[in-house]
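What follows is one structure encoded as structure tokens, with my remarks underneath.
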Amino acid sequence: MKDCVFCRIIAGEIPAAKLIETDVVLSFLDIAPVNPGHCLVVPKRHVATLLELSQDELNICIFTVQRLAGAAARATGAVGFNVLQNNGRCAGQIVPHVHFHIIPRSPDDGFKFGWREGSYAEGELEEVQRGIRKLL
Ligand code: AMP
Ligand code: ZN
């Protein structure tokens with residue numbers, strides 16, 4: 001897709017610090033890292049979200065994420081890592097080409113998610129459970 005920054009990296013039109021490349025996926029360092037070693041895994045086929053990946057593409061992506069996560073953490077001296085995957089603008093997806101973030105983490109890195117602890121009204125949890133199960 002010609003206006004997609006990740007497709008342009010895949011096509012070699014924009015430089016990137018590449019890490020793993022196969023015929024299905026490419027991984028490279030994120031240009032604006034949360035921490036050093038923050039990297040991205042992207043399928044070569046342009047699709048916007050996780051829901052559009054084939055099972056084979058997904059398998060290869062997640063295997064690549066696992067392989068890279070260990071190496072990125074070890075190489076940067078991190079003791080943990082986050083795997084993050086945003087789908088849709090409201091979920092924080094800026095680049096509309098599906099991708100997985102791997103973020104090496106250390107206890108003193110100062111990065112925090114704005115996580116909140118919500119709750120369900122009486123009966124709401126079961127209703128949500130039923131709604132999801134119906135669509136599986
Ligand atoms: P997201 O918010 O999940 O869409 O994340 C997109 C990520 O792509 C951000 O972390 C950006 O820093 C990263 N990014 C955007 N352009 C480039 C680029 N040319 N090379 C490497 N990473 C990029
Ligand atoms: Zn693309």
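For ligands, and for the atoms within them, numbers begin at 1 and follow the listed sequence.
Residues of the protein with a heavy atom under 4.0 Å from ligand 1 are Val5, Phe6, Ile9, Phe28, Leu29, Asp30, Ile31, Ala32, Leu40, Asn86, Gly92, Gln93, Ile94, Val95, His99, His101, listed by chain and number.
Of the candidates His46, Gln85, Arg45, Glu57, Gln85 is the only one forming a side chain to side chain contact (heavy atoms under 4.5 Å, CB included) with Val98.
Under 2.8 Å from the Zn ion (ligand 2), one finds the following protein N/O/S atoms: Cys4 SG, Cys7 SG, His46 ND1, His97 ND1.
Of the possible polar contacts, one joining the Asn35 side chain to the Pro104 backbone as a donor-acceptor pair under 3.5 Å is found. In this structure, Glu127 contributes its side chain and Glu124 its backbone to no donor-acceptor pair below 3.5 Å. Of the possible polar contacts, one joining the Lys44 side chain to the Thr22 backbone as a donor-acceptor pair under 3.5 Å is found. Not one N or O on the side chain of Ser106 forms a donor-acceptor pair closer than 3.5 Å with the backbone of Asp108.
Here His97 and His99 keep their ring centres 6.0 angstrom or further from each other.
Partners of Phe113 by ring-ring contact (aromatic ring centres under 6.0 Å, His included), not counting sequence neighbours, listed by chain and number: Phe111. Not counting sequence neighbours, the partners of Glu52 by the side chain to side chain contact (heavy atoms under 4.5 Å, CB included) test are Val47, Ala48, Thr49.
Asn82 has its side chain out of reach of His101: every pair of non-hydrogen atoms, C-beta onward, lies at least 4.5 Å apart.
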